[in-house]
Novice: 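Before I ask anything, let me first share the structure, which is written out below as structure tokens.
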Amino acid sequence: MYSLQQHSPSPLHLTLLKTSKTHLDTTQLHAFAVKTNLIQHTSLSSRLVSLYADPEINNLRYARSVFDQIQDPSLVLHNLIIKCYVFNQQSHEAIALFRDLLGKSLLPDNFTLPCVIKGCARLNAVEEGKQIHGLVLKLGFGLDKFVSSSFVSLYAKCGEMGLARKAFDVMDENDLVSWNSLIDGYAKCGEVGVAMELFDEMPERDLFSWTCLVDGFSKCGKVEFAREIFDRMPNKNLVSWNAMINGYMKSGDIESARVLFNEMEVRNLITWNAMIAGFESNGRFKEAFELFETMLDGDIVPNDATLVSILSAISGLASLSKGRWVHSYMVKNGFLVHGVLGTLLIQMYSRCGSIESALIVFRSIPKKKVGHWTAIIVGLGMHGLVDDGRKYFDKMINDYGIEPTVEHYGCLVDILCRTGHLEEAKSIIESMPMRPNTVILMSLLSGARNHGNKDIGEYAAHHLINVAPDTSGCYVVLSNMYAAAGEWEKVSQVREMMKKRGFKKDPGCSSIEHRGVVHEFIVGDKSHPQTNDIYSKLDEMRNKLKSAGHVPDTTQVLLCIEDEEEKEEELENHSERLAIAFGLTNVEPGRPIRIMKNLRVCNDCHSVTKLLSGIYNREIIVRDNSRFHHFKNGTCSCKDFW
DNA sequence: CTAGGGTTAG
């Protein structure tokens, strides 16, 4: 190893560095050039740009900074940087530089154009692509093989099949790449017939073309066609198998995906990620996590994409211990939390019930982006830390100059509704720059119910039914509100509406994690190995609640049950009660019981859990479908607003 | 000082 600081430059050095392609050598050449002021020579600085922009070295930041110091950089240098931007998924920067280039009255050539067009394709920027197309025709590159096939690919990727076809037909001679781009486009649009016809017309088909069809049909949800092609393929490679697995996962056919996965002799990281992401997106969180463990046992190294799926899966499982374990794995293995992984960690911790850990992660992120702010504000909202939520919202806008999105407004509205500032919440909804979504309107409606404001309740319900007529929760809350106001006629009107629209409730399901195992309970569940213990604990709970003076609140057992005793029984078997009974029997005294539930906690369960937290002197943390409830000493963190 | 356009996970 030599050091340029200690040796004077010799021709030998320069020759060595000219042929070298490592990052270290390049930075040494860079340092040398700066020190000796040779960087002023365009030939040397140009060489540096090309080295830094080389895919092997790929140091975009250095490439750009050297480039920026060159007076009147040549077209070739522009081409290098543009290509490097596209390679590094920063196509908007590539296009910005392309515009600079035109502004400098430099003309793009047949090297520039395919790169810029590819950048447009990456960004789905079909309008910009069309403008460039006009320029291409003016400059006379319309017949260039690479330029025109780039347009076929761009239009096909953007779903503009008419234009793709035109660009294809204009070509002198269609090579394999242009055929594949076109077929890929038709397949992804679901044009099975056209895609197959073209495929049959192709002069030669290699592996690539077959895989385009498998992937295209998978992506547009025609998984049975994808499988047909897959079975007919003369040869298959990893990409074909992965595309097929992905197709099954997208269509929700997890079993078929698993069968393929097991049949595979060779798998790569993409295979594992496709499976894990597939489990996660289909709500099979437990299996996603188990596969992740299998992967690590097999010494396969995960990447960011794997962790994105795994953190989401853990959020779904609400398993704090698994979350902590994965977080420490990430720290040990050098995963950076600055980008999307930071967002997911914050989300994971707040959804697993530890807002404290979420805050620690949030504070540790040096350059916070919108996603981080959203995650922490949503988290604080879920946990009912009201003042903090408001504080972070203001801080984000005023100190960091970040434009709030609909989600941020949602949190603010939620906070205002919780504290009874309903008019203010309503006026924020009316003045925010975007249309209110279901979540915001539900917050307002629930707030109106809890604070007995019928006018605002009806206002919110009216808008909700317009925005999302399928939201059953809206009718439930509205009916609760009328019931509380004693307007029984309106209550029955709402129930009629629900019946007419055919709403059926999902069965309630709660889960609790104990010693690394997730235990699931549905309403009236008797399948757990400890069922006897659980039901005798339920008996004990019922007696203690009775002596504490609890009267079951059956007003929310809405639809099908008429008999009063049956109503009470239904309540007693709600899934969260089973989970609490399990928790009281199994979780070590003094440790909190953490439960996750798929539906909103009902009124009666909420007041029962408050009482139980006092009676058994236990902290009980329940995550329902919208927020966390920290029950302690007979009260709840949501202050009875949820 | 460039060597280009088509398929798989997020």
Side-chain angles (χ1 to χ4, degrees), chain A residues 18 42-55 63 66-67 70 73-84 86-87 89 108-119 121 141 144-154 156-157 164 167-168 171 174-185 187-188 206-219 226 229 233 236-247 249-250 267-281 302-312 339-341 344:
Chain A
K18 252 189 173 163
T42 311
S43 60
L44 184 52
S45 49
S46 296
R47 174 71 187 147
L48 275 171
V49 172
S50 90
L51 282 168
Y52 278 132
D54 188 282
V66 177
F67 173 85
I70 297 174
S74 65
L75 178 63
V76 172
L77 287 177
H78 281 85
N79 289 350
L80 282 166
I81 304 281
I82 288 175
K83 189 181 134 202
C84 197
V86 175
F87 185 82
Q89 320 272 0
D109 65 5
N110 53 331
F111 286 95
T112 330
L113 293 162
C115 294
V116 194
I117 300 165
K118 189 181 181 178
F141 286 109
D144 183 277
K145 185 172 108 183
F146 290 108
V147 174
S148 46
S149 76
S150 298
F151 279 119
V152 177
S153 153
L154 162 74
K157 279 221 168 64
F168 179 83
M171 290 175 74
N174 296 118
D175 60 2
L176 214 59
V177 175
S178 60
W179 277 99
N180 286 337
S181 300
L182 193 68
I183 288 178
D184 182 52
K188 284 199 172 69
D206 62 0
L207 192 55
F208 212 104
S209 323
W210 291 88
T211 307
C212 281
L213 281 180
V214 172
D215 177 53
F217 291 154
S218 291
K219 283 233 165 71
I229 300 293
M233 286 174 83
K236 300 177 179 66
N237 64 6
L238 252 176
V239 179
S240 346
W241 284 82
N242 291 344
M244 196 61 235
I245 285 185
N246 194 27
M249 281 302 195
K250 286 252 149 68
R267 308 176 181 119
N268 65 4
L269 183 58
I270 294 181
T271 321
W272 289 89
N273 285 353
M275 286 297 289
I276 292 174
F279 280 129
E280 193 278 323
S281 62
N303 65 359
D304 282 23
T306 326
L307 285 153
V308 166
S309 301
I310 276 307
L311 289 173
S312 308
V340 68
L341 287 179
L344 281 157

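Quantities reported herein were computed from a predicted structural model and do not represent experimental measurements.
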Novice: Is there a donor-acceptor contact under 3.5 Å linking the side chains of A/Asp184 and A/Ser181?
Specialist: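 Checked: A/Asp184/A/Ser181 side chains show no N/O donor-acceptor pair below 3.5 Å.
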Novice: Rounded to the nearest angstrom, tell me the gap between atom CG in A/Leu113 and atom C1' in B/dA3.
Specialist: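 Nearest whole value for this atom pair: 15 Å.
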Novice: Whole angstroms only, please: what is the NZ-P distance between A/Lys83 and B/dC1?
Specialist: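 To the nearest whole Å, that distance equals 15 Å.
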Novice: Between B/dT8, B/dG6, B/dG10, spot the one nearest the side chain of A/Asp206, thanks.
Specialist: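 Per side-chain heavy atoms of A/Asp206, the pick is B/dG6.
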Novice: Which is true for A/Lys219 with a 4.0 Å heavy-atom rule: it touches a base, it touches only sugar-phosphate, or it touches nothing?
Specialist: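 Answer is sugar-phosphate: A/Lys219 comes under 4.0 Å of backbone atoms only.
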Novice: Whole-Å distance between B/dT8 C1' and A/Asn303 CG?
Specialist: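 Atom CG in A/Asn303 sits about 13 Å away from atom C1' in B/dT8.
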Novice: Which one, B/dG6, B/dA9, B/dC1, comes nearest to the side chain of A/Ala305?
Specialist: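 The nucleotide sitting nearest to the side chain is B/dA9.
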Novice: Counting the atoms with a prime plus P, OP1 and OP2 as sugar-phosphate, which does A/Thr42 contact under 4.0 Å by heavy atoms, base, sugar-phosphate, or nothing?
Specialist: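 If one applies the 4.0 Å heavy-atom cut-off, A/Thr42 turns out to touch nothing in the nucleic acid.
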Novice: Measure from the side-chain heavy atoms of A/Val308 and tell me the nearest of B/dG10, B/dA3, B/dT8.
Specialist: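 Selected nucleotide (nearest to the side chain): B/dG10.
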Novice: Can a donor-acceptor pair under 3.5 Å be found between the side-chain atoms of A/Asn268 and the base atoms of B/dA9?
Specialist: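 Absent.
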Novice: Using the side-chain heavy atoms of A/Asn246, tell me which of these nucleotides is nearest: B/dA9, B/dG6, B/dT2.
Specialist: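 Nearest listed nucleotide: B/dA9.
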Novice: Quick one: A/Leu207 CG to B/dT8 P, roughly how many Å, whole number?
Specialist: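 Checked: the CG to P distance equals 13 Å.
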Novice: How far apart are the C-alpha atoms of A/Trp179 and A/Phe168, what are their side-chain angles, what is the distance that settles it, and do they pass the side chain to side chain contact (heavy atoms under 4.5 Å, CB included) test?
Specialist: CA-CA 8 Å; A/Trp179 277 99; A/Phe168 179 83; 3.8 Å; yes
Novice: Check step by step if side chain to side chain contact (heavy atoms under 4.5 Å, CB included) holds for A/Lys236 and A/Val214.
Specialist: CA-CA 11 Å; A/Lys236 300 177 179 66; A/Val214 172; over 6 Å; no
Novice: Of all the choices, B/dG10, B/dA9, B/dT7, which nucleotide is nearest to the side chain of A/Asn273 once you look at every atom?
Specialist: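 Taking heavy atoms from C-beta onward, the closest nucleotide is B/dA9.
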Novice: Look at A/Lys118 and B/dG6 and indicate whether a side-chain polar atom (N or O) is within less than 4.0 Å of OP1 or OP2.
Specialist: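 The answer is yes; a side-chain N or O of A/Lys118 sits under 4.0 Å from OP1 or OP2.
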Novice: Could you tell me how far apart A/Met233 (CE) and B/dT7 (P) are, to the nearest whole angstrom?
Specialist: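 That distance rounds to 15 Å.
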Novice: With sequence neighbours excluded, what pairs up with A/Lys219 under the salt bridge (Lys or Arg N to Asp or Glu O under 4.0 Å) test?
Specialist: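 Residues passing salt bridge (Lys or Arg N to Asp or Glu O under 4.0 Å) with A/Lys219: A/Asp215.
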Novice: Once side chain to side chain donor-acceptor pair (under 3.5 Å) is applied, do any residues pair with A/Thr112, and if so which ones, sequence neighbours excluded?
Specialist: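 With neighbours one apart ignored, the set is A/Asn79, A/Asp109.
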Novice: Of the candidate nucleotides B/dT8, B/dC1, B/dT2, which contains the atom at the shortest distance from the side chain of A/Asn79?
Specialist: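 The listed nucleotide nearest to A/Asn79's side chain is B/dT2.
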Novice: Considering only side-chain heavy atoms of A/Ser50, which listed nucleotide, B/dA3, B/dG6, B/dC1, is closest?
Specialist: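 Nearest nucleotide to the side chain: B/dC1.
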Novice: Can you tell me if A/Phe208 is stacked onto the base of B/dG6, using a 5.5 Å centroid cut-off and an angle below 30°?
Specialist: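 It does: the ring sits over the base of B/dG6.
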Novice: Please walk me through it: do A/Asn242 and A/Asn268 pass side chain to side chain contact (heavy atoms under 4.5 Å, CB included)?
Specialist: CA-CA 9 Å; A/Asn242 291 344; A/Asn268 65 4; 3.2 Å; yes
Novice: Kindly point out which of B/dG10, B/dT7, B/dC1 is positioned nearest to the side chain of A/Ser46?
Specialist: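 Side chain of A/Ser46 sits closest to B/dC1.
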Novice: Provide, to the nearest angstrom, the distance between the CG atom belonging to A/Leu238 and the P atom belonging to B/dA9.
Specialist: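 Checked: the CG to P distance equals 13 Å.
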Novice: Which of these nucleotides, B/dT7, B/dG10, B/dT2, is closest to any side-chain atom of A/Leu80?
Specialist: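 From the listed options, B/dT2 comes nearest.
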Novice: Between B/dT8 and A/Asn242, counting only base atoms on the nucleotide and side-chain atoms on the residue, is there a donor-acceptor pair under 3.5 Å?
Specialist: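 In this structure, the two groups form a donor-acceptor pair.
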Novice: Rounded to whole angstrom units, what separation is found between the CG atom of A/Leu182 and the C1' atom of B/dT7?
Specialist: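 In whole Å, B/dT7 C1' and A/Leu182 CG are 15 Å from each other.
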Novice: Which nucleotide in the set B/dC1, B/dA9, B/dG6 lies at the smallest distance from any side-chain heavy atom of A/Lys157?
Specialist: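 In terms of side-chain proximity for A/Lys157, the closest of B/dC1, B/dA9, B/dG6 is B/dG6.
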Novice: Grab the CZ-P distance between A/Phe279 and B/dG10 for me, whole Å please.
Specialist: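 For the pair A/Phe279 CZ and B/dG10 P, the rounded distance is 14 Å.
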